[in-house]
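See below for the structure under consideration.
Convention: sequence-line order gives letters A, B, ...; per-chain numbering from 1. We use all heavy atoms of the structure for the numbers below, so side chains are in, but hydrogens, waters and symmetry mates are not.
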Amino acid sequence: MIKSENRLRKNKHFRYIYKHGETKTYKVLTVTFVETKFKTIKVGFSVSKKIGKSVVRNKVKRRLRESFVSLQKNIKPNRNYIFTAKQGIENLDFHEIRQNMMEILKKNGLYIENN
RNA sequence: GUAGUUAGCCAGAUGAUCGCAGUAUAGUUGUUGUGACUAUAAUGAGGAAAGUCCGAGCCUCGUAGAACAGGGUGCCAGUUAACUGCUGGUGAAGGUGACUUUAAGGAAAGUGCAACAGAAAAUAUACCGCCCACAUUUUUGUGAGUAAGGUUGAAAUGGAGGUGUAAGAGACCCCCGCAUACUUGGUAACAAGUGUGGCAUUGUAAACCCCACCUGAGGCAAGGUUAAAAAAGACAAAUAUGUUGUUCGCAUCGUCUUUUAAAAACACCGCUUGAUUGCAAUGGAGACAUUGUAACUAGAUAGAUGAUCAUCUAAUACAGAACUCGGCUUAUAGACUAACUACACUA
RNA sequence: GCGGGAGUGGCUCAGUGGUAGAGCGUUGCCUUGCCAAGGCAAAUGUCGCGAGUUCGAAUCUCGUCUUCCGCU
């Protein structure tokens, strides 16, 4: 799981990012990000009621968190991110979601290759 | 063997690696604030956590008082903290049966409604009829009697048979039903029996209503702690304010309203030891109660149970705690246990 | 988490227990050289779903599904 220092916690943080950040969409994921002066990455996840019932939503959130943790070392720092799930994500398994997240980050130049 | 009825139980397991939550212990660091980090330990979603349909705890409302209104419940007895719950019984309905279902008080307190059809729909009424008399005339009319039969309808003024009669009729008789009184049994609902009456008094209360009993309102986003300000306006001794609607009663003297600022955010308390859970014994027909013994078993706040791999397997369904508990209702794959019933076959 | 509404033709809505309606739209015909407007007809409903009460339910009762609104 994500450590508490890497989490977005307050409603006003979310609202700030939505207001000032850039939004990019690819397949079943939307990423919103904004540059900050702090080095630590902060991340939040948003899964709306359109995706499904509470069991389904929790499952999607868990998979998104787990994907983020596995990719965390390669994500550009000094930024805050919000990942929003879109309809269709509930039918994908963990590996497909991880692949989708990696692709969306690469496309927008937020992914650092291992070298 | 087939089909079924009732009751109960389970809701994947094991191992490996990585990771989250609060708790306890130890260490490091640090402050408005036991706050952050590290290590170790054990623990960490359900049978419905769901719907929010009932009931209760708990909290707040300075008032919790009364009457009416409004709302709820409705066979009897028991059970429970309480209940539209549960248990046992009575009546009624369904099923060959095991068994199941049941909003089941009152229609001689009053009001309303009963479309169409039908003679007639609650008021005793007569379309086709039956029978008698008279007239006309040879099938009609008038008058009197009658309601057995026919027709309509969801429902037709006790049922079927006999006596009786001009024809008929509870007019009378037997049996059944109904009403009522008494006796017996039962805590009671009610049941059985005996006598009397002689058919009035249709249905509908999940129509208004009557009767009996219950009912203050709002809800953890309740409410409290750290915790402390200023300005403007309204009202002035009965106005105003207050807790569903109305009236009365009651309480408050400085109260109320608006605006701005701060506190204040990684906040804290409420928050989980409780009508608790497991086991055993005793009492009871049962729901349940009592006693003993053991256990402590989520407490998050962008919101914790996951990811990957392996093995077993039928392993799949419905589904995620948000103050707590007791019920009800609804969703649900698959597996298992016990008792019983009907039918068929065999001995 | 707590509370309160709605569901009827394709759309917007009436309908207080007795044959399901209105407007707009749709289709056909008339009118016109053609179209619009106008006129005359017609079709279109498991009254969200499942039970119950009743002789009879869109309507009354219970359950359920969908959807909307308020409190933060």
Side-chain angles (χ1 to χ4, degrees):
Chain A
M1 279 297 295
I2 307 161
K3 291 187 177 176
S4 56
E5 63 180 359
N6 293 332
R7 290 188 214 161
L8 285 170
R9 286 187 175 274
K10 287 292 161 188
N11 196 12
K12 59 184 179 188
H13 299 156
F14 276 81
R15 271 187 287 182
Y16 177 84
I17 292 164
Y18 280 127
K19 203 172 177 180
H20 299 281
E22 286 184 67
T23 303
K24 303 286 177 186
T25 304
Y26 179 69
K27 283 185 180 173
V28 297
L29 269 180
T30 297
V31 63
T32 306
F33 60 94
V34 66
E35 288 196 44
T36 64
K37 57 186 174 180
F38 300 106
K39 198 171 188 186
T40 49
I41 298 168
K42 278 184 182 285
V43 65
F45 301 95
S46 172
V47 183
S48 81
K49 269 194 174 176
K50 278 185 189 170
I51 304 295
K53 297 188 175 185
S54 55
V55 173
V56 176
R57 295 202 303 272
N58 279 348
K59 197 169 201 170
V60 169
K61 267 194 258 181
R62 283 189 213 113
R63 281 177 172 164
L64 285 172
R65 284 199 211 100
E66 205 61 39
S67 307
F68 176 80
V69 167
S70 65
L71 297 169
Q72 194 174 357
K73 287 178 186 170
N74 298 333
I75 292 175
K76 273 192 180 174
N78 294 21
R79 280 170 182 79
N80 289 354
Y81 298 87
I82 297 173
F83 291 94
T84 307
K86 298 177 69 181
Q87 274 179 310
I89 198 169
E90 66 271 17
N91 299 322
L92 304 182
D93 68 14
F94 170 72
H95 293 289
E96 289 172 311
I97 289 173
R98 187 171 180 279
Q99 189 65 30
N100 198 310
M101 188 180 273
M102 201 154 88
E103 283 172 17
I104 193 172
L105 291 169
K106 274 183 184 173
K107 271 178 171 287
N108 296 292
L110 302 168
Y111 191 80
I112 306 164
E113 296 290 346
N114 275 336
N115 279 319

Anti versus syn assignment for [N], with syn defined as within 90° of 0:
N: B:U272; result: syn
N: B:G47; result: syn
N: C:U27; result: anti
N: B:A45; result: syn
N: B:U297; result: syn

Applying the Watson-Crick and G-U wobble criteria at under 3.5 Å, what pairs with [N]? Answer none if nothing qualifies.
N: B:A192; value: B:U183
N: B:U201; value: none
N: B:A82; value: none
N: B:A221; value: none
N: C:U27; value: C:A41
N: B:C343; value: B:G1
N: B:U73; value: B:A212
N: B:A234; value: B:U255

I'd like the [atom1] distance from [M] over to [N], given in whole Å.
N: B:U146; M: B:G193; atom1: C1'; result: 41 Å
N: B:G71; M: B:A156; atom1: P; result: 37 Å
N: B:U123; M: B:U201; atom1: P; result: 9 Å
N: B:A234; M: C:G70; atom1: P; result: 36 Å
N: B:G47; M: B:U32; atom1: C1'; result: 48 Å
N: B:G106; M: C:C69; atom1: C1'; result: 43 Å
N: B:C20; M: B:G306; atom1: P; result: 15 Å

Taking every heavy atom of A:Lys24 against every heavy atom of A:Ile104, the minimum-distance pair comes out as O-CD1, 3.8 Å
